Amino acid sequence: MLSEFSEAERSRLLSELLAGRFPDEHGRFGPFGGRYAPETLITALERITEGMHAALADSGFKATLDGELAEWVGRPTPLTAARGLSRRWGAEVWLKREDLAHTGAHKINNALGQALLAQRLGARRVIAETGAGQHGVATAAACARVGIPCVVYMGAVDVKRQSPNVDRMYQLGARVEAVESGDRTLRAAIDEAFRAWVADPEESYYLLGSAVGPHPYPYLVRQLQSVIGREAREQCVARTGGLPDAAFACVGGGSNAIGLFHPFLADTSVRLVGVEAGGRGAGLGDNAATLATGRPGVLHGSYSMLLQDPDGQVQETHSVSAGLDYPGVGPEHALLKAIGRVEYTSCTDDEALDALWECCRAEGILPAIESSHALAGARAFAREHTGTRLLIGLSGRGDKDMPTLSQFIDRIRS
Ligand SMILES: *Cc1c(COP(=O)(O)O)cnc(C)c1O
């Protein structure tokens with residue numbers, strides 16, 4: 001259906017986008033987004049939407065958020081000149097260091113902002129779901145800081161394979177509910193968390209971890225993560241006197257990518273490149289490259305691109321990186337792809353791991369495997385465009401990935 005957009009339609013949608021018309025009052029980004037939720041939740045989503053608009057327009061709320069971002073999260077995060085990678089790639093490489101944010105990734109920007117919103121809305125507890133546990137840890141930390149109890153739903157399989165993050169959540173005072181239903185991983189955890197919220201929509205706040213889900217979450221998460229791109233744009237101009245030629249970010253649900261890209265959308269000279277998880281290859285079930293091979297459909301409350309089998313069943317995914325292993329993607333990315341403002345590519349597990357090791361050795365930085373997808377995408381771009389200035393969103397640090405990386409240790413012991 002995307003190819004069905006005419007050239008005229010694309011340019012109309014692009015100018016509406018640049019004029020700030022998306023999401024519209026129905027939470028739509030062109031044809032994507034919206035709110036597909038049970039009746040009981042519509043009221044709760046409405047309350048959050050109103051509360052969000054009031055909060056984002058309130059200078060007191062913004063001052064509190066900015067203060068916490070500075071003294072608790074550690075913002076602004078640095079923009080690092082990657083001299084080693086620049087030399088190797090024949091490009092001018094800059095890294096936006098979300099790995100240096102508190103708890104080790106960009107997820108804290110969103111978790112903190114929403115925890116403050118939950119507090120403002122008078123919520124008695126926060127509900128969240130987590131797959132690999134990174135969003136759970138960020139939410140547990142933010143809720144502790146803000147002073148709201150929090151319960152994190154996590155598939156029983158994930159509880160086992162991500163036990164260090166489960167321990168971190170407990171240390172930070174969260175309750176973790178192991179979900180034994182369904183596939184006992186992220187999808188089941190989301191279903192269970194939604195169920196808990198439906199049962200108690202008045203007293204609880206659902207803290208969603210990426211730019212996905214029903215309106216207003218894709219918008220709210222984008223607003224909270226745009227601090228990445230605002231800082232990076234300003235830092236890049238200050239350090240280099242100009243804008244980058246291209247910016248790269250990995251895309252799971254799409255929150256760090258939309259956060260980096262959004263402040264550059266109007267800078268049409270800047271190519272924006274989202275890098276999805278190409279996994280083991282192009283076969284159905286072998287990757288999580290939703291925008292590359294997905295079709296439109298509804299998942300978790302929103303109409304967007306979706307990996308599905310020929311019968312429309314949501315497809316199992318594979319990626320070496322837990323944070324990218326998701327069959328959906330945020331609706332704004334679906335629009336950005338449809339109108340051609342952002343290009344989406346993918347890299348395989350092996351290419352991401354290669355880029356990770358190269359970054360370790362060239363820069364003394366161990367990136368998350370997720371972030372290494374952005375590095376691999378930028379490296380491929382540099383091969384074709386020598387001498388360009390590249391901005392890479394380093395969404396998180398790789399310490400959490402040590403159990404995975406240890407399995408591949410033989411590859412680098414040479
Ligand atoms: C969770 C995670 C991602 C993927 O989530 P997005 O919403 O697509 O940003 C990427 N990088 C890191 C380090 C993560 O923890």
Side-chain angles (χ1 to χ4, degrees), residues 68-69 71-75 77 97-116 118-119 125-180 184-186 188-190 192-193 196 205-210 221 224-225 250 252-253 255-256 319-326 356 365-372 394-407:
E68 289 294 86
L69 285 173
E71 72 173 74
W72 185 70
V73 173
R75 304 208 71 89
T77 58
R97 303 288 307 281
E98 293 304 294
D99 60 312
L100 294 179
H102 181 46
T103 67
H106 69 289
K107 286 196 169 74
I108 198 70
N109 305 321
N110 171 52
L112 170 67
Q114 287 198 56
L116 288 170
Q119 181 191 49
R125 64 169 185 157
V126 160
I127 296 173
E129 87 296 321
T130 195
Q134 293 304 112
H135 174 56
V137 169
T139 301
C143 288
R145 175 72 177 176
V146 168
I148 304 184
C150 122
V151 47
V152 180
Y153 289 83
M154 190 170 184
V157 172
D158 291 331
V159 168
K160 268 224 183 73
R161 62 183 176 191
Q162 311 287 344
S163 67
N165 273 339
V166 177
D167 293 344
R168 284 170 86 193
M169 285 183 255
Y170 277 122
Q171 301 293 342
L172 290 163
R175 209 176 84 212
V176 180
E177 290 282 346
V179 176
E180 298 283 356
R184 302 163 79 224
T185 68
L186 178 62
I190 295 177
E192 209 51 52
Y205 178 93
Y206 186 76
L207 204 161
L208 197 64
S210 189
V221 175
L224 293 171
Q225 292 292 7
C250 64
S255 70
N256 88 89
S319 170
V320 66
S321 104
L324 303 183
D325 204 351
Y326 179 69
L356 182 147
I365 296 169
L366 170 58
I369 304 180
E370 290 86 353
S371 321
S372 303
L394 211 77
S395 54
R397 65 177 186 226
D399 306 61
K400 69 179 178 62
D401 293 317
M402 282 319 298
T404 304
L405 294 175
S406 300
Q407 294 170 24

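Quantities reported herein were computed from a predicted structural model and do not represent experimental measurements. Start at 1 with the first residue, then count along the sequence.
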Might you point out which heavy atoms bring A189 and G155 nearest each other, and give the distance in Å? CB-N, 3.7 Å

Determine, stepwise, if the pair M402 / L366 fulfils side chain to side chain contact (heavy atoms under 4.5 Å, CB included). CA-CA 10 Å; M402 282 319 298; L366 170 58; 4.0 Å; yes

Can you give me the closest heavy-atom contact between S321 and I369, atom names plus distance? CB-CG2, 3.7 Å

If you take all heavy atoms of Y153 and A196, which pair is closest and at what distance? OH-CB, 3.3 Å

Between L356 and P367, the two heavy atoms sitting closest are CD1-O, 3.3 Å

Compare every heavy atom of D401 with every heavy atom of A368, then report the nearest pair and how far apart it is. CA-OD2, 3.4 Å

Between Q225 and N110, a side-chain donor and acceptor under 3.5 Å: no

Answer whether the closest heavy-atom distance between the side chains of V152 and H135 falls below 4.5 Å. no

Do K400 and E370 come close enough that some side-chain heavy atom pair is under 4.5 Å? yes

Within this structure, what is the CD-CD1 distance for the pair E192 and I190, rounded to the nearest 0.5 Å? 12.0 Å

Is any side-chain heavy atom of R97 closer than 4.5 Å to a side-chain heavy atom of I365? yes

What is the distance from atom CD1 of I108 to atom CG of L69, rounded to the nearest 0.5 Å? 9.5 Å

Checking side chain to side chain contact (heavy atoms under 4.5 Å, CB included) between I127 and each of L208, L207, V151, which is the one that passes? V151

Does either side chain, that of Y206 or that of E129, offer a donor lying less than 3.5 Å from an acceptor on the other one? yes

Side chains of T130 and N165: does their closest heavy-atom pair fall under 4.5 Å? no

If you define the side chain from C-beta out and look only at heavy atoms, does anything of Q134 sit under 4.5 Å from R168? yes

Minimum side-chain heavy-atom gap R75-E98 below 4.5 Å: yes

Under 4.5 Å between any side-chain heavy atoms of C250 and N256, yes or no? yes

Spatial distance of atom CD (Q162) from atom CE (M169) [nearest 0.5 Å]: 8.5 Å

Hey, are the side chains of M154 and V166 touching, using non-hydrogen atoms and a 4.5 Å cut-off? yes

Atom OG1 in T139, atom CD1 in I148: separation rounded to 0.5 Å? 11.5 Å

Supply the atom-to-atom distance Q114 CD to Q119 CD, rounded to the nearest 0.5 angstrom. 14.0 Å

Does the S255 side chain pair with the main chain of S210, one donor and one acceptor, at a distance under 3.5 Å? no

First locate atom CG of L224, then atom NE2 of H106, and finally report the distance between them rounded to the nearest 0.5 Å. 11.5 Å

So, for A178 and V159, which heavy atoms are closest and what is the spacing to 0.1 Å? CB-CG2, 4.0 Å

Please report the C-alpha distance between D325 and T185 in whole Å, then the side-chain angles of each, then the deciding distance to 0.1 Å, and finally whether the side chain to side chain contact (heavy atoms under 4.5 Å, CB included) criterion is met. CA-CA 11 Å; D325 204 351; T185 68; over 6 Å; no

